[in-house]
Amino acid sequence: MGKIKLTYPDGSMKEVEHGVTGNDIAKSISNGLAKEALAIEVNGEVWDLARAIEQDATVKILKWEDSSGKYAYWHSSAHLMAEAIEFLFPGTKFGIGPPIDNGFYYDIDMGDHTLSPDDLQKIEERMYEFSRRDVPYIREEKTWGEAVSYFKKKNDPYKLELLEGLKNEKVTFYHQGDFTDLCYGPHIPSTGRIKAIKLLNVAGAYWRGDEKNKMLQRIYGIAFPTHEELDEYLTRLEEAKRRDHRKLGKELELFVFHDVAPGAPFWLPHGMIIFRELEKFLRQELDARGYLEINTPMLVKKGLWEQSGHWTHYKENMFYFESEDTTFSLKPMNCPESTYVYRQKLRSYKDLPLRFSEIGRLLRNERTGVLGGLFRVRQITMDDAHIYCRPDQILSEINQLIELITHFYSIFGLVPQYNLSTKPDNAMGHSSLWEQAEANLKQALESNHLTYILKPKEGAFYGPKIDIQIEDAIGRDWQVATVQLDFVMLPERFELEYIAEDGSRKRPVAIHRAIFGSFERFIGILTEHFAGAFPTWLSPVQVAVLTITDAHVEYGKKIVERLKLSNVRAELDDRNEKIGHKIRDWELKKIPYMLVVGEKEMKNNSVAVRRRKKGDQGAMALDEFVQAIQTEIIKKSLTS
RNA sequence: GCCGAUGUAGCUCAAUGGUAGAGCAGCUGAUUUGUAAUCAGCUGGUUGGAGGUUCGAGUCCUCUCAUCGGCUCCA
């Protein structure tokens with residue numbers, strides 16, 4: 001056998017024996033690397049370290065730090081879990097068990113047996129035991145027929161169904177210990193690499209993700225090379241729980257949910273302040289950008305939805321009822337109604353763009369199982385807008401929207417990520433319009449130096465779109481804003497027109513867009529992002545004035561009056577409590593400023609400033625404090 | 001909607017099938033306090049709802065509502 005040429009990530013080349021394995025390569029570089037190596041990338045494909053390389057190739061040893069390395073690690077963890085399950089519960093049928101962004105899962109069918117937390121514990125213990133055996137993951141190529149007869153003997157209908165999709169192909173099996181699975185791989189060298197394991201929860205999951213199929217039991221788990229990393233991960237989960245907006249919303253008295261109104265919050269006074277501040281901010285920004293605010297009816301006749309197409313495509317999500325032989329519906333979207341504002345009079349090309357904004361309350365009949373805190377509600381307050389423009393105005397409108405979105409999120413310290421979805425197969429509308437629009441969207445993103453992820457064919461049937469996700473303080477992504485071009489749904493179905501320069505009637509393009517997505521969802525995200533410690537401009541109470549004794553109550557009242565006159569939300573704490581107690585209470589309420597007032601302050605017309613989490617800041621003249629906090633509020637400063 | 005879990009005082013949680021309890025909050029009183037909890041007393045419940053088993057149900061069973069974790073959905 002001859003030699004082959006390998007190219008390494010640093011560009012260097014090396015001649016090696018034909019049939020060399022990833023293990024050999026790693027060892028030839030260093031023993032340390034060989035210990036850490038999980039898999040190898042060969043010409044862009046991820047392979048097992050034990051697999052022989054038989055041609056010239058570009059290679060890269062993958063470690064835990066590489067996402068493909070992690071995937072192989074978690075994939076192997078899923079197999080280890082399956083081995084433990086099969087050992088403890090013989091006869092279990094296996095669906096699929098892939099790695100995911102955070103760990104792995106396996107879908108299994110255990111007949112009548114329902115997994116309990118106790119079972120999970122047992123499986124986890126068994127996994128540790130099997131890991132300690134430290135046996136290799138072995139790859140084996142099989143013919144399709146061999147594979148089918150294996151799973152027929154094992155009586156596993158799910159694997160047989162998967163094999164149906166691989167007919168007449170070579171398939172691969174992986175073994176470790178007594179467990180064998182149909183699997184593409186790749187896998188890590190041996191079970192001993194899996195050191196720290198935690199099975200997190202059991203959930204139902206439809207076979208192949210189809211509602212019509214049988215529901216299997218899905219076990220989610222995570223694994224790490226060290227216990228420290230596992231602990232760190234579990235701590236992060238705890239942190240996320242601590243920030244949960246449902247918990248904080250209750251504690252900080254922002255909103256409550258009640259059985260009488262599933263899927264709709266009761267906004268409490270403090271939550272409403274945040275809501276109103278966001279509205280104020282939104283209106284201020286939109287006014288400055290030429291938006292015209294409108295408000296359209298909540299209750300409309302069914303005919304509107306028949307015309308828009310919602311009655312056929314969205315009916316199951318709509319609330320509707322009969323009254324005097326007429327079917328009425330609560331609006332689930334604002335878009336169709338905005339066309340009535342457009343059509344209120346004849347529009348000239350000179351009138352465009354028309355930017356109609358609406359803070360609209362929508363009602364959607366979401367299925368009970370999908371509701372969740374403020375993130376998924378039945379009653380939605382959208383910061384909606386519909387921009388009607390000429391095709392030649394698309395680019396400037398998109399540019400303005402990107403500027404608006406970037407500005408908006410920077411205020412909250414949130415970083416938007418952009419996804420561009422292009423023409424799907426079932427698209428409607430002129431292809432020239434599609435091409436121009438997609439080019440405009442791209443151009444707008446690129447000229448603003450924004451990186452974006454292209455999602456081919458994921459646009460709506462009526463136009464391409466840009467979806468915006470934000471990453472919060474602890475690295476989780478949320479879908480919020482959206483900018484959707486629409487050539488069909490509103491313009492065609494509602495026969496929108498404008499009079500062009502040459503006197504002819506032309507069709508405008510509609511742009512649907514939202515910045516927050518919805519107030520409910522956005523406030524939920526903000527609550528978690530800030531862990532309830534809102535920046536001063538959003539904080540329901542901005543200043544708490546704490547008196548030392550009854551002798552200082554009058555002075556305290558004067559300060560609160562002064563702050564309120566300066567548009568600062570202030571409250572007086574003149575309770576008969578020690579100062580330490582008051583501080584603790586307001587600190588737990590996450591109020592940004594506390595002003596302690598006693599003898600000294602009263603004498604000097606000053607306040608002792610204490611900042612949330614930062615402690616005593618020393619005394620300051622009252623005027624000076626008022627000025628400082630006003631500036632902070634006006635600038636919507638993030639650092640309070 | 002589907003699978004599973006949960007539901008006890010305003011909140012966080014206890015209570016072998018045998019008298020529903022604690023801490024916090026609230027109220028009353030004492031205390032007049034200088035940077036994360038002063039002390040004492042008191043109030044507070046159709047155990048989510050409806051049925052059933054039982055001498056007896058917070059506890060067991062059925063149904064139902066809601067919430068949580070997922071799945072599916074989310075123009």
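Heavy-atom basis, side chains included; hydrogens, waters and symmetry copies ignored. Numbered from 1 within each chain, the chains take letters A, B, ... in sequence-line order.
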Discussion item. Can you identify which nucleotide, out of B/A36, B/U38, B/U32, has its nearest atom closest to the A/R584 side chain?
Written reply: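 Closest nucleotide among those given: B/A36.
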With a non-hydrogen cut-off below 4.0 angstrom, is [X] in contact with a base, only sugar-phosphate, or nothing?
X	result
A/I579	sugar-phosphate
A/A551	nothing
A/E601	base
A/G598	base

Taking [M] as the reference, what is the distance to [N] when you measure between their [atom1] atoms (whole Å, please)?
N	M	atom1	value
B/G56	B/U16	C1'	15 Å
B/G45	B/A14	C1'	15 Å
B/A22	B/A9	P	14 Å
B/C61	B/A57	P	15 Å
B/U46	B/U38	C1'	38 Å
B/G58	B/A20	C1'	8 Å
B/C13	B/U28	C1'	27 Å
B/C71	B/G49	C1'	28 Å

Practice prompt. Verify side chain to side chain contact (heavy atoms under 4.5 Å, CB included) between A/I123 and A/L115, making sure each step is shown before the conclusion.
Written response: CA-CA 10 Å; A/I123 296 167; A/L115 283 165; 4.1 Å; yes
Discussion item. Does the protein touch nucleotides 66-75 of chain B at the base, only the backbone, or not at all? Give it as B, S and - per nucleotide, heavy atoms under 4.0 Å.
Written reply: SSSBBBBBBB
Spacing between [X] atom [atom1] and [N] atom [atom2], to the nearest angstrom:
X	N	atom1	atom2	value
A/D107	B/G4	CG	C1'	14 Å
A/M110	B/C3	CE	C1'	14 Å
A/E251	B/C13	CD	P	11 Å
A/E577	B/A25	CD	C1'	12 Å
A/L252	B/U12	CG	P	13 Å
A/I583	B/U38	CD1	P	11 Å
A/K589	B/U35	NZ	C1'	17 Å
A/H581	B/C24	NE2	P	11 Å

Does the gap between the ring centers of [X] and [Y] come in under 6.0 Å?
X	Y	answer
A/H512	A/Y462	yes
A/F104	A/Y71	no
A/Y106	A/F94	yes
A/F375	A/W478	yes
A/F516	A/F519	yes
A/Y342	A/H386	no
A/Y314	A/W305	no

Worksheet item: Mapping A/L216 and A/K600 onto RNA chain B by nearest heavy atom, which one lands closer to the 5' end?
Response: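 On the 5' side of the pair lies A/L216.
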Worksheet item: Between A/D585 and A/R575, does a salt bridge (charged side-chain N to carboxylate O under 4.0 Å, His left out) hold up when you go through it step by step?
Response: CA-CA 11 Å; A/D585 283 355; A/R575 288 177 304 165; 2.9 Å; yes
Worksheet entry | Duplex segments of RNA chain B, taken as runs of at least three Watson-Crick or G-U pairs that stay under 3.5 Å | B:1-7 with B:65-71, B:10-13 with B:21-24, B:26-30 with B:38-42, B:48-52 with B:60-64
Fill in: Contacts of A/S518 that satisfy side-chain contact (heavy atoms from CB on, under 4.5 Å) - sequence neighbours left out
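With neighbours one apart ignored, the set is A/I380, A/E520, A/R521.
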Discussion item. Within the 4.5 Å heavy-atom criterion, are A/E458 and A/T422 side-chain neighbours or not?
Written reply: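 Answer no - side chains too far apart.
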